[in-house]
Engineer: 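First, the structure itself, so that you have it in front of you.
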2 protein chains.
Amino acid sequence: MRNAQAVSNIQPRRQIYRLPRAQRVADIMLTARAVFREKGYNDAVIAEIALRAGVVEGTVYRYFAGKRDLLIKVVEHWYEEMLTDYDRQLHGIRGTWNRLRFMIWRHLTVIHNDPAMCRLIFNELRSGAEYRETAVFELNREYTNRTLAIVQDAMDSGEFRGGIPLRIVRDMIYGGVEHHIWAFLRGEGDFSPEESADGITDIIYRGLVRPGAAIDRGEQAIRRLEEVAERLEQASALVPEISRTIGNASC
Amino acid sequence: MRNAQAVSNIQPRRQIYRLPRAQRVADIMLTARAVFREKGYNDAVIAEIALRAGVVEGTVYRYFAGKRDLLIKVVEHWYEEMLTDYDRQLHGIRGTWNRLRFMIWRHLTVIHNDPAMCRLIFNELRSGAEYRETAVFELNREYTNRTLAIVQDAMDSGEFRGGIPLRIVRDMIYGGVEHHIWAFLRGEGDFSPEESADGITDIIYRGLVRPGAAIDRGEQAIRRLEEVAERLEQASALVPEISRTIGNASC
DNA sequence: AAAATTAATGAGCCTCCCTCATCATGTCCA
DNA sequence: TGGACATGATGAGGGAGGCTCATTAATTTT
């Protein structure tokens, strides 16, 4: 122990590093993300976030209006990362069944990859009264609308029967997914995004498809053929010999 | 003001009424139900519950292990009331479609009649780590199993196609319902249990029902295409670039 | 009527969220 | 180069609310 401390009992303030606002905010948000992930919202303590971010509690409140605001910002940031290049991926997929299946699989995979973060969204963020004002709400809306656009297209083309309220389709897809992963989010067991996506897509597709169009074993066979064609098309683009031979089959 | 008070400044303890344990517990739970309904879990304050129940804060903790325990007991009590004579009602309904529709409608109606209580269950109770130990969890399980029994019966009789994982059916029905009523629970707008039940039942039923026999001319074409797909897939396995790219067929 | 039992009390502890007066540091300009 | 200024950062402390426990008092038992 140094002499000055021992005598005067005054703790010298540690060296203070002043960071530009943006940097400090980023630091705190990254730390907060980790702590929220580990502890959940209620058990996360601002003091710990501050400590691990290398600042004092008051500093957190300088940049965030409160604990709840911090949560919202953290989730928004994460969510925006997630949504990058969704559209580009979907763009390469053909056929209503495949596109629907992709959207569902994708959603399941995000949850599978970061359950703790999704817990925050489902359990904490969405319960709050201010959820509608959140950017997550709006981003989510856009995201689900992309799925509904697929359904709408299929209705327009006659593949799906008409007169189905889109809202209900959305609720059954995303509600079904959520309900499906509840146990996993509670840490009970695992699930396979692939199998689950197959099961959900199967029921939804059959529930919407125009009867008499493609039925029974024809249904399955056609779906499988679509998938094969899809994969072969994508793959063939990579192999000069094949693409020269086959040409573009997708038209 | 009475003299004794003015002089000694000692508040005489008000008359204490000692109630039998069961009575006190019932009183507190009923008050707690009201306060939780009005304020939600987080904004409900034990002191207020105690005050309105005519006891002091410590008394609440004499009968309940904590705030969370109180919530659980309150919800369990309410849930058990709800479930009375479900079976009897279902008994009088014939036909798979009608029975499914009844179960869905019933669920929607419960939510429609007591949104505040359902908010507690969906937003608070079910988020907690101890949900699985709850009686609500078990009661809910039994309840949804009744729906699955209807589906199973229909599969056995051949009305529904086989091989559908029951768990997914359950998730889509109850998840779909929940997602559907989210906005309503947040106090945004209303919904019609009848119309919603029709829409959900419609998709589920069609998603599960056994389709008619395959069409004649489709049959041959499909068989031929299947063979082609088979050969192409096998051939593609011989081209390293493709098999590396495609990988597992299921994603 | 004394003893035993147990319902009920309420002061007060503890943990957190959050505020704010104060201090420190980096920047700009004379 | 040094003083003024803007703003990053501090940390003690206020306040709310969940929860404890030693004490008091009503009721029952002996």
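Protein chains get the first letters and strands the later ones, always in sequence-line order, with residue 1 at the start of each.
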Engineer: Does the side chain of I181(B) reach to within under 4.5 Å of the side chain of F122(B), using non-hydrogen atoms?
Structural biologist: yes

Engineer: Measure CZ/R21(A) against P/dA6(D) and give the value in whole Å, please.
Structural biologist: 17 Å

Engineer: Checking ring-ring contact (aromatic ring centres under 6.0 Å, His included) against F191(B), which of W182(B), F184(B), W105(B) comes through?
Structural biologist: F184(B)

Engineer: So for E57(A) and dC17(C), does any side-chain atom that can act as donor or acceptor lie under 3.5 Å from a complementary atom in the base?
Structural biologist: no

Engineer: Check whether any side-chain nitrogen or oxygen of R24(A) sits under 4.0 Å from OP1 or OP2 of dA9(D), and answer yes or no.
Structural biologist: yes

Engineer: Using whole Å, what does the distance between atom P of nucleotide dC16(C) and atom CG of L51(A) come to?
Structural biologist: 14 Å

Engineer: Determine all donor-acceptor pairs shorter than 3.5 Å in which one atom belongs to a side chain in residues 20-32 of chain A; sequence neighbours excluded.
Structural biologist:
unit_1: Q23(A); atom_1: NE2; unit_2: D27(A); atom_2: OD1; d: 2.9
unit_1: R24(A); atom_1: NH2; unit_2: Y17(A); atom_2: O; d: 2.8
unit_1: T31(A); atom_1: OG1; unit_2: D27(A); atom_2: O; d: 2.9

Engineer: Of the listed nucleotides (dT9(C), dC18(C), dA9(D)), which one gets closest to any side-chain atom of Y61(A)?
Structural biologist: dC18(C)

Engineer: From the list dT9(C), dA9(D), dA7(C), which nucleotide is the closest neighbour of the side chain of R62(A)?
Structural biologist: dA9(D)

Engineer: Which pairs pass salt bridge (Lys or Arg N to Asp or Glu O under 4.0 Å) with one or both residues in residues 109-119 of chain B, sequence neighbours excluded?
Structural biologist: R37(B)-D114(B)

Engineer: Quickly, which of D198(A), T96(A), T201(A) forms a side chain to side chain donor-acceptor pair (under 3.5 Å) with R101(A)? Name it, please.
Structural biologist: D198(A)

Engineer: Apply side-chain hydrogen bond (donor to acceptor under 3.5 Å, both in side chains) to Y205(B) and list each qualifying residue two or more places apart in sequence or on a separate chain.
Structural biologist: E159(B)

Engineer: Taking the six-membered ring of Y41(B) as reference, does the NZ or CZ atom of R68(B) fall below 6.0 Å from its centre and within a 45° cone about the axis?
Structural biologist: yes

Engineer: What pairs of nitrogen or oxygen atoms, one from the protein and one from nucleotides 26-29 of chain C, lie under 3.5 Å apart?
Structural biologist:
none

Engineer: Are L70(A) and Y63(A) side-chain neighbours, meaning at least one heavy-atom pair lies under 4.5 Å?
Structural biologist: no

Engineer: For a quick check of understanding: with a heavy-atom distance under 4.0 Å over all strands, which category does F64(B) fall into, base, sugar-phosphate or nothing?
Structural biologist: nothing

Engineer: Does a side-chain N-to-carboxylate-O contact under 4.0 Å join E178(A) and R126(A)?
Structural biologist: yes

Engineer: Tell me, which of residues 33-48 of chain A have any heavy atom that sits under 4.0 Å from an atom in DNA chain C?
Structural biologist: A44(A), V45(A), I46(A)

Engineer: Under 4.0 Å between a Lys/Arg side-chain N and an Asp/Glu carboxylate O for R62(A) and E57(A)?
Structural biologist: no

Engineer: A cation-pi test, strictly: NZ or CZ of K73(B) under 6.0 Å from the centre of the six-membered ring of F64(B) and no more than 45 degrees from its axis. Yes or no?
Structural biologist: no

Engineer: By a strict heavy-atom criterion of less than 4.0 Å, which residues belonging to residues 66-77 of chain B are in contact with DNA chain C?
Structural biologist: none

